[in-house]
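The chain is numbered in sequence order, starting from 1. The structure displayed is predicted, hence computed values, not measured ones. Just follow the structure's listing: the first ligand is 1, and inside any ligand the first atom is 1.
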Amino acid sequence: MALTEPKAGVQRLFNRLSGPYARVVFSRLQRETQADVAWVHPRAGEKVLDLACGPGTLALELVGYGCRVYAVDLAEQMIARAQVARRRRRCPPVHFAVADVEQLPLPGDVFDLVACAFSFADFPAPVQAVAEMCRVTRRGGRRAVLEAVAPEDPAQSAELDRLERLRSAGVSAHLLSLTELTALFRQASLELLDAKVSERKRRLEDWLGAAVGEGGVPAQRRLQRHLRVKLLETARGDAAGLHIERHRGHWFFSAKVAQLLWRKP
Ligand SMILES: C[S@@+](CC[C@H](N)C(=O)[O-])C[C@H]1O[C@@H](n2cnc3c(N)ncnc32)[C@H](O)[C@@H]1O
């Protein structure tokens with residue numbers, strides 16, 4: 001797949017991050033993922049697509065419900081991790097493929113459920129991603145979106161984007177607010193079935209562990225130290241809306257996560 005920037009940058013970033021990302025997802029976030037997938041009410045036999053699947057986060061839960069699962073991601077290392085995790089967990093087969101969400105190599109009107117989690121900030125053209133999600137969903141099918149959303153306050157949102165860009169060597173695009181995310185799907189004339197927003201505690205060290213800088217391990221450590229200082233600075237006055245706090249010897253921040261379930265009429 002020939003990619004131009006910034007997508008090639010996103011692919012490089014997630015190929016590098018696949019290891020640490022998979023470790024966090026399959027250890028600390030496993031229960032959360034199970035609850036998120038249960039909320040969608042997957043049914044046995046449904047044909048389901050997990051978009052930007054990462055290491056198989058949703059896909060490996062969905063297949064446990066007896067769904068026929070397809071899952072795509074831009075980063076081949078993420079797909080490789082997903083295949084290994086599927087074998088380790090002895091899950092039924094999943095159709096994994098390397099593909100771009102904004103140009104899916106899939107026929108239209110075929111999926112009963114299309115899910116996408118924690119990825120919209122990395123799509124350079126989110127409108128195109130939504131259009132593709134719509135195209136491949138069958139009439140009456142569901143669209144599930146799980147996303148960390150930015151604060152509605154523009155100054156806090158800009159500060160959060162700045163921190164994310166520092167962490168990802170400038171690759172990360174723009175974390176959408178709930179208003180922006182909802183507007184994207186409303187434009188696609190979908191019917192909203194369910195929506196909720198929750199505050200989820202995340203460990204600062206996990207967020208820092210996914211920092212990617214130019215150079216080897218020493219440069220990486222320097223970047224992590226720098227980011228840690230920057231993040232703790234934002235705690236004063238809550239400049240990025242992260243509600244940073246210390247609890248039992250660890251720093252935590254609060255991610256606001258939106259769960260949106262849509263139906264294609
Ligand atoms: C933060 S991870 C989320 C992974 C997974 N959905 C989860 O919930 O753990 C973002 C994922 O989006 C993928 N991604 C970013 N842009 C993409 C695109 N245009 N097409 C397909 N995957 C993409 C990345 O490779 C990465 O695996």
Side-chain angles (χ1 to χ4, degrees), residues 1-37 39-40 48-63 69-86 94 96-106 113-133 135-136 143-150 164-165 167-169 171-176 200 202 206-207 209-212 255 257-260:
M1 194 180 7
L3 297 173
T4 50
E5 296 292 341
K7 237 175 243 177
V10 172
Q11 189 184 50
R12 281 195 300 275
L13 174 73
F14 283 102
N15 274 331
R16 278 184 72 179
L17 285 181
S18 62
Y21 189 81
R23 273 192 290 283
V24 173
V25 161
F26 293 139
S27 55
R28 287 204 234 289
L29 302 182
Q30 184 96 37
R31 285 228 182 115
E32 198 174 294
T33 306
Q34 285 164 351
D36 287 340
V37 171
W39 168 78
V40 178
V48 171
L49 175 63
D50 179 9
L51 289 173
C53 64
T57 315
L58 302 181
L60 298 181
E61 292 299 327
L62 286 161
V63 78
V69 181
Y70 292 69
V72 302
D73 199 281
L74 198 59
E76 60 270 28
Q77 291 302 318
M78 284 290 193
I79 294 294
R81 300 253 166 211
Q83 282 163 331
V84 169
R86 187 198 70 76
V94 172
F96 285 114
V98 176
D100 180 358
V101 160
E102 293 170 7
Q103 270 182 301
L104 290 171
L106 293 165
L113 170 65
V114 177
C116 187
F118 304 109
S119 301
F120 264 82
D122 303 304
F123 301 157
V127 174
Q128 177 61 20
V130 173
E132 278 296 82
M133 287 178 88
R135 184 182 66 76
V136 297
R143 203 82 42 75
V145 178
L146 300 161
E147 272 306 322
V149 287
E164 283 292 353
R165 275 195 292 273
R167 184 173 72 133
S168 62
V171 169
S172 187
H174 166 57
L175 197 62
L176 301 169
R200 302 186 185 183
R202 299 280 192 247
D206 290 343
W207 188 86
V212 170
V257 175
Q259 293 169 248
L260 305 170

* Could you pull out all residues at least two apart from Phe14 that satisfy ring pair (Phe, Tyr, Trp, His ring centres under 6.0 Å)? => none

* Under 3.5 Å, side chain of Asn15 to main-chain N/O of Gln77, donor-acceptor pair present? -> yes

Report each N/O pair between ligand 1 and the protein that falls under 3.5 Å, naming both atoms.
from, atom 1, to, atom 2, distance (Å)
ligand 1, 6 (N), Ala52, O, 2.7
ligand 1, 6 (N), Ala117, O, 2.9
ligand 1, 9 (O), Tyr21, OH, 2.7
ligand 1, 9 (O), Thr57, OG1, 2.7
ligand 1, 12 (O), Ser119, OG, 3.4
ligand 1, 19 (N), Asp100, OD1, 2.9
ligand 1, 20 (N), Val101, N, 2.9
ligand 1, 22 (N), Leu74, N, 3.1
ligand 1, 25 (O), Asp73, OD1, 2.6
ligand 1, 27 (O), Asp73, OD1, 3.2
ligand 1, 27 (O), Asp73, OD2, 2.7

* Which residues pass the side chain to side chain contact (heavy atoms under 4.5 Å, CB included) test with Asp36, sequence neighbours left out? -> Glu32, Leu146, Arg200, Gln259

* Expected output: side-chain Glu102 to main-chain Ala125 donor-acceptor under 3.5 Å -> yes

* Exceeds 12 heavy-atom contacts within 6.0 angstrom, atom CD of Gln34 -> yes

* Apply side chain to side chain contact (heavy atoms under 4.5 Å, CB included) to Ala22 and list each qualifying residue two or more places apart in sequence or on a separate chain. => Phe26, Pro55, Arg81

